[in-house]
Amino acid sequence: MSGLPPSMLRLEWREAEGKLVAHFAPEQGATARERIDRGCLNEAIADGGWGALYRLDGAMDEFVRRVAGGQPFALEVAERRDGRLEIALATDAMTAWLSLEPPFGGVPVTRAQVDAALAAQGVVVGILEGEIERALAAGIVERLPIARGRPPEPGVPARFQSLIPDIRRRGPRVDEWGVVDYRELGGLVVVKAGDALMRRSPAIPGRSGQDVRGGVIPADGVVDTPYAPDLRGASPSPDDPDLLIADITGQPLLRPDGVDVEPTITLPAVDLSTGNIDFDGSVNVTGDVIAGMRIRASGDVVVGGTVEAAQIEAGGSIVVRAGVIGCLDPRGALQPARLKAKGPIGLQFCENAVIEAGDDIAIGEFAVHSELTAPNCIVIGKPGARRSQLIGGMARAGAALSVGRLGSQAGVRTCLLVGYHPQVYSELAAVLEALTRNRAQQDDLRKVIALTRDDDRAARRAAKERAERTLAAAEQAREALEAQHAELQAMLTLAANAHVAVGEAVYPNVEVQLGHAVWRSADSHGPGTLRLQDDAVVLTASRPGA
């Protein structure tokens, strides 16, 4: 014992209390106490056969300190402890954890004790038998999950599956270049009355869960979405309410929760034999639309041939598989072809045409002396293509224009305006006109108020009050118009990514406006991209075909 005489340290085991008491009795003139420490005391405990006991750290430190005082004393320095356990529950009662302390000279925790502790906590569900046995075998664990609740299983909302392979949404289709390409649209898909359109799979309810105490955790409700109540030309089958069928013959258009069937007519051509077409639905013309004719449709218009100096208006998209060409009327005046759609417009080529899309314009080959307007992109040929050309006229695009050759070697004046929304200018003009009317109205009202200010007659007082109320409303309207004006002015600012991409060449007499900056080509240039940099339009050259 590190030189400590046995007579100075005596260990006493008290069985009834399960305590080990250390007695210190100094001898006359002994100096060994100066060398006693915890190691000495631990060695004495182990040598006495009590090494498995739990050491009372604070008491042992106190023993060492008091030995230095040289006075006799006795302290409890170790004790017998049985194994200990603790069950902890998660705040949501979905997990129970077990912590085990090993025994110190006592008996280990038993399975019966674990079961009793679980029962005391009310844990009855999801008990992990294997984990408990593993913990008992190890004798010591820290927050080992021994019970897990069953979380609720989510249900499956109602699902809708189209039964028409070629059905499409009215909207853009992106090609491998990441550009909308409406030239590749197929013909109109037509269904007949009674055809199956869509299968609805009803919602599957979720399964309730349980926490470890057996409490029920309800599953979230799922939406059993029915077919849209406002479907046009389609309804659930009377024999199967989850099967949607066509009520009429027409073009199916996919919706998230159903299918609309727009009436569709197919004509070999639109000419004097058919007259003008005004149709609430989609129109499919397999041949040509001759000069002077007009088509108005609430849906899509597809023309398999050429449009010659005719007018087409569509509530959806317009696709012309050949060209759109203006021509001279009998008096020798130029009569342009006109296409206007709320959706995209796709065609192969155009000459002397006025084309206004509500989305993109995609032209397969060339545009000559035409006026093109699109709020998003105008794509002539594929990006970087060498066999596409824009010659003459005006092209307006909100975001970007892409073409192979811009202008012509003959120097035909060709104008581009990119980086604005086509409707902004007209809306801005309307707002400015409304502001002018508002200012005039306010001037008139203030005159009425001034004339009736000092008149006490009832009629004049009533007129003054009406004028004041109207003036207050006019001032509020002015504030709203000024806010709209500011918003429209901001929209005229070029978007940061607005650009013109040219795949082969830019010829002389081309004018490009990006925002408020204008670039004019006096000479020929190779391929490149026109962008706005520091309030100036800059042509950045690129490799041919890149």
Side-chain angles (χ1 to χ4, degrees), residues 175 177-183 323-326 336 339 345-357 360-420 422 494-533 536-546:
D175 66 9
W177 297 83
V179 176
V180 178
D181 188 352
Y182 290 92
R183 295 161 297 171
V324 178
I325 306 172
L339 273 59
I345 296 177
L347 57 143
Q348 193 62 21
F349 64 87
C350 63
E351 183 174 355
N352 294 317
V354 178
I355 300 174
E356 181 179 348
D360 298 323
I361 294 175
I363 300 174
E365 296 180 8
F366 60 83
V368 178
H369 298 300
S370 295
E371 183 176 339
L372 311 175
T373 304
N376 294 323
C377 299
I378 297 175
V379 179
I380 304 175
K382 292 187 181 297
R386 303 172 63 88
R387 297 181 180 178
S388 62
Q389 192 163 3
L390 174 62
I391 303 173
M394 165 66 80
R396 305 180 186 90
L401 184 144
S402 174
V403 66
R405 288 173 287 175
L406 183 55
S408 69
Q409 291 176 324
V412 175
R413 179 174 172 78
T414 304
C415 298
L416 279 67
L417 182 56
V418 180
Y420 85 112
L494 177 66
N497 61 344
H499 63 278
V500 177
V502 182
E504 184 177 356
V506 181
Y507 295 113
N509 207 16
V510 169
E511 180 178 297
V512 178
Q513 179 176 344
L514 295 178
H516 299 291
V518 178
W519 180 87
R520 294 179 177 88
S521 174
D523 302 306
S524 294
H525 302 270
T529 301
L530 290 153
R531 295 185 185 275
L532 192 65
Q533 296 180 11
V537 179
V538 176
L539 174 63
T540 303
S542 60
R543 293 182 293 105

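Here the structure is a predicted model, which means the values were calculated and not measured. Numbers for residues simply follow the sequence, beginning at 1.
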Stepwise ring-ring contact (aromatic ring centres under 6.0 Å, His included) test for His525 and Trp519: CA-CA 13 Å; His525 302 270; Trp519 180 87; 5.5 Å; yes
Residue among Val506, Val368, Val510 satisfying side chain to side chain contact (heavy atoms under 4.5 Å, CB included) with Thr414: Val510
Interatomic distance, Ile391 atom CD1 to Ser408 atom OG [nearest 0.5 angstrom]: 5.5 Å
Gln389 side chain to Gly407 backbone, donor-acceptor under 3.5 Å: yes
Closest heavy-atom pair and its distance - Val537, Val512: CG2-O, 4.4 Å
Separation of Cys415 SG from Glu371 CD (nearest 0.5 Å): 11.0 Å
Non-hydrogen atoms of Ile363 and Phe349 that approach each other most closely: CG2-CA, 3.9 Å
Closest contact, heavy atoms only, Thr373 versus Ile361: O-CD1, 3.4 Å
Donor-acceptor contact below 3.5 Å, side chain Ser370 vs main chain Leu372: no
Within-4.5 Å side-chain heavy-atom neighbours: Cys350 and Ile355: yes
Residue Gln533 excluded, over 12 heavy atoms near CD under 6.0 Å: yes
Spacing of Arg396 atom CZ and Leu416 atom CG [to the nearest 0.5 Å]: 10.5 Å
Atom pair CD1 (Ile345) and CD (Glu356), whose distance is rounded to the nearest 0.5 Å: 8.0 Å
Short side-chain to backbone donor-acceptor contact, Ser388 and Gly404, under 3.5 Å: yes
N/O donor-acceptor pair under 3.5 Å between Asn352 side chain and Ile325 backbone: no
Minimum-distance pair of heavy atoms, taken over all atoms of Glu365 and Ile380: O-CG2, 3.6 Å
Verdict with reasoning, Val538 to Arg531, per side chain to side chain contact (heavy atoms under 4.5 Å, CB included): CA-CA 6 Å; Val538 176; Arg531 295 185 185 275; over 6 Å; no
Nearest non-hydrogen partners of Gly411 and Asn509, listed with the distance: O-ND2, 2.9 Å
Gap between atom CG of Leu530 and atom CG of Leu514 - 0.5 Å precision: 6.5 Å
Under 3.5 Å: donor-acceptor pair, side chain of Ser402, backbone of Val379: no
Atom pair CZ/CE of Arg413 and Met394 - distance to nearest 0.5 Å: 7.5 Å
Nearest atoms (heavy-atom pairs only) where Val403 meets Arg405: CG2-O, 3.5 Å
Full working for side chain to side chain contact (heavy atoms under 4.5 Å, CB included) between Val500 and Thr529: CA-CA 6 Å; Val500 177; Thr529 301; over 6 Å; no
